[in-house]
Asks: 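Before anything else, here's the structure in question.
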There are 2 protein chains.
Amino acid sequence: MAQQKPVERHSGVSLWRQIADRIRVSIADGEFRETGRLPPAFELATRFGVNRHTVRAALAFLAEEGLVESIQGHGTLIVGNRQLTLPIGRRTRFSAGVGDQASSVTTRLLHSAELPAPAEIAALLRIAPERPVIEVEEAGYVDDRPVSCSQHFFPADRFPDIAHHLIAIGSITRAFAACGLPDYLRASTEVSARHADARERELMKLSPGAIVLEARAVNTDLDDQPVQCSRTRFSADRVSLRMTT
Amino acid sequence: MAQQKPVERHSGVSLWRQIADRIRVSIADGEFRETGRLPPAFELATRFGVNRHTVRAALAFLAEEGLVESIQGHGTLIVGNRQLTLPIGRRTRFSAGVGDQASSVTTRLLHSAELPAPAEIAALLRIAPERPVIEVEEAGYVDDRPVSCSQHFFPADRFPDIAHHLIAIGSITRAFAACGLPDYLRASTEVSARHADARERELMKLSPGAIVLEARAVNTDLDDQPVQCSRTRFSADRVSLRMTT
DNA sequence: TTCAGTTGTCTAGATTAATAGACAACTACC
DNA sequence: GGTAGTTGTCTATTAATCTAGACAACTGAA
């Protein structure tokens with residue numbers, strides 16, 4: 001942080017919003033780790049070159065997000081944080097990847113359905129268009145904070161029961177195992193970034209204007225046959241991706 | 001686009017700004033490819049549920065960016081676009097990766113210097129802290145549109161003259177070759193996303209609030225010895241990254 | 001030429017965001 | 001108990017954003 005970057009006026013983004021965003025990344029960078037709390041509001045106001053009330057609006061917004069908590073007479077405490085790094089390589093697995101960065105890693109199945117494959121999905125899975133695919137939507141949580149939401153497609157001809165296994169077991173890796181596929185590999189991952197849409201914001205409890213990292217991946221079996229393609233959106237505030245080639 | 005997603009009020013982001021952002025992604029998605037121009041302003045206004053003047057502010061902003069051009073009495077034409085996909089794998093090269101997606105791919109060297117390695121850089125390059133490194137900053141252009149800016153670090157002990165070669169030749173791959181390194185591999189790439197800072201916006205002509213994809217990479221020689229680490233920021237509107245593992 | 005369709009400009013008013021200052025309320029520490 | 005340091009609340013004012021309506025200016029086609 002510090003006063004070297006003043007806020008931008010007339011940019012279409014309100015000052016309190018810019019300030020909230022910058023404080024959020026400062027917290028993620030560990031800038032206030034020593035004290036565990038933010039500098040007083042009037043000091044932040046002079047740093048950013050705005051009025052104390054404007055800073056207060058930013059802090060109220062961050063408090064709404066659950067990132068900080070203001071206590072009258074005392075200060076503003078940092079209560080939530082954590083930036084995760086998720087490794088992506090040949091053997092990418094969501095829960096294993098987070099590893100020791102967190103104490104609990106869970107996924108929640110939101111929805112599943114069987115439908116004829118859209119052209120794009122069929123091409124990625126290398127099946128004929130309109131052949132049935134199983135679509136599964138799930139959300140990922142780390143220490144009970146939502147960090148991702150994803151959409152998976154499996155060829156229904158090969159894994160007709162994978163949705164039932166997923167519901168029962170909860171893990172894609174183990175659902176594959178239950179379908180007779182003990183191992184699989186990540187063939188490709190395409191990453192882009194954009195603003196979160198309304199549904200993503202709802203699922204991951206993001207604020208308007210938040211950024212998501214979108215990873216489109218294809219997994220194959222050991223014979224290089226596609227077994228799954230998926231589209232996972234990560235909250236960019238909470239996750240970065242590390243590719244190992 | 002379409003009216004199913006109304007704009008959000010009191011989100012800290014002005015309505016014209018939200019509308020500009022959404023029209024920008026609609027254009028990138030090819031939504032108006034048939035006509036080559038946007039619907040009339042009053043129609044956009046009803047779609048988004050705002051006043052025509054608000055839409056006009058959004059269009060003026062996009063025109064400032066060079067993405068559209070309004071012609072009185074005629075309509076609003078889409079004049080600039082293109083979303084590139086840059087492959088990232090063992091043999092990632094900037095100019096080769098863009099390949100046939102564009103007719104011209106160039107880089108411009110902005111700055112170079114020799115300095116003692118900061119701790120983080122030294123660790124990535126596996127050299128002793130404070131040993132000299134060559135820092136090079138450059139910008140990447142595709143069809144004369146800026147799409148990236150990057151910072152590269154090379155161990156000065158091994159490649160003392162790489163900056164001179166880079167100035168003379170312009171290509172990192174060929175500068176390495178001139179330093180006696182005919183081939184090198186991408187060891188790791190870490191990708192994150194955030195809002196562009198002031199300098200990135202200036203270099204890539206981005207609007208305030210634009211998103212950048214940041215890729216931190218390490219390249220090694222064939223003996224797995226690091227030869228370069230770099231930090232490249234791509235305009236997320238213009239580039240997506242495709243990892244092949 | 002006419003006219004429907006579109007963008008450009010102007011004025012006015014309502015709503016929201018930001019500034020300014022004063023003071024109350026609370027905490028921690030002496 | 002007192003006090004320095006901090007957040008909470010209130011009022012008032014100014015600036016920016018959004019809405020509303022009217023009409024001018026221009027384009028392309030009938």
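Not measured: the values here are computed from a predicted model. Chain letters run A, B, ... following the sequence lines, proteins first and then strands; every chain starts at 1.
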Asks: Give a yes or no on this: more than 12 heavy atoms of other residues, nucleotides or ligands lie within 6.0 Å of atom CD of B/E43.
Replies: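 Above 12, so yes.
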Asks: I need the CG-P distance between A/N51 and C/dA22, as an integer number of Å.
Replies: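 So the two atoms are 13 Å apart, to the nearest Å.
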Asks: Can you tell me the distance, in whole Å, between the CD atom of A/E43 and the C1' atom of D/dG5?
Replies: 12 Å
Asks: Count the heavy atoms belonging to other residues, nucleotides or ligands that lie under 6.0 Å from CD of B/E114, then report whether that count exceeds 12.
Replies: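 Result for CD/B/E114: enclosed.
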Asks: Tell me which of A/H53 and A/W16 sits closer to the 5' end of DNA chain C, going by the nucleotide each one is nearest to.
Replies: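 The 5'-side residue here is A/W16.
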Asks: With respect to the side chain of A/H10, which nucleotide from D/dA16, C/dG8, C/dA25 is positioned closest?
Replies: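 Nearest to the side-chain atoms of A/H10, counting from C-beta on, is D/dA16.
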Asks: Relative to the 5' end of DNA chain C, which residue comes earlier, A/T54 or A/H74, by the nucleotide with the nearest heavy atom?
Replies: A/T54
Asks: Ignoring hydrogens and angles, does a donor from either the side chain of A/R52 or the base of C/dG21 sit under 3.5 Å from an acceptor on the other?
Replies: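 When only heavy-atom distances are counted, A/R52 does not reach the base of C/dG21 through any donor-acceptor pair under 3.5 Å.
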Asks: Between B/L77 (CG) and C/dG5 (P), how many Å, whole number?
Replies: 19 Å
Asks: Nearest to the side chain of B/Q72, heavy atoms from C-beta on, is which of D/dA24, D/dT7, C/dA17?
Replies: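 Of the candidates, D/dA24 comes closest.
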Asks: What is the separation between atom CD on A/E69 and atom C1' on C/dT27, rounded to the nearest whole Å?
Replies: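 Rounded to whole Å, this separation is 15 Å.
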Asks: For B/R56 and C/dT6, give me the distance from atom CZ to atom C1', rounded to whole Å.
Replies: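 Going from CZ in B/R56 over to C1' in C/dT6 covers 11 Å.
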Asks: Return yes when atom CZ of B/R93 has more than 12 non-hydrogen atoms of other residues, nucleotides or ligands closer than 6.0 Å, and no otherwise.
Replies: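 For B/R93, atom CZ is crowded (more than 12 foreign heavy atoms under 6.0 Å).
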Asks: Whole angstrom is fine here: how far is it from CZ in B/F42 over to P in D/dC23?
Replies: 19 Å
Asks: Distance check needed: D/dT17 C1' versus B/F61 CZ, whole Å only.
Replies: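 Those two atoms, CZ and C1', are 15 Å apart.
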Asks: Within this structure, what is the CD1-to-C1' distance between B/I71 and D/dA25, rounded to whole angstrom?
Replies: 14 Å
Asks: Nearest 0.5 angstrom please: A/R216 CZ to B/R242 CZ, how far?
Replies: 11.0 Å
Asks: Are any of B/T76's side-chain N or O atoms less than 4.0 Å away from OP1 or OP2 of C/dT6?
Replies: no
Asks: Below 4.5 Å, heavy atoms only, C-beta onward: do A/H74 and A/R37 meet side chain to side chain?
Replies: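 In short, these two side chains touch, coming nearer than 4.5 Å.
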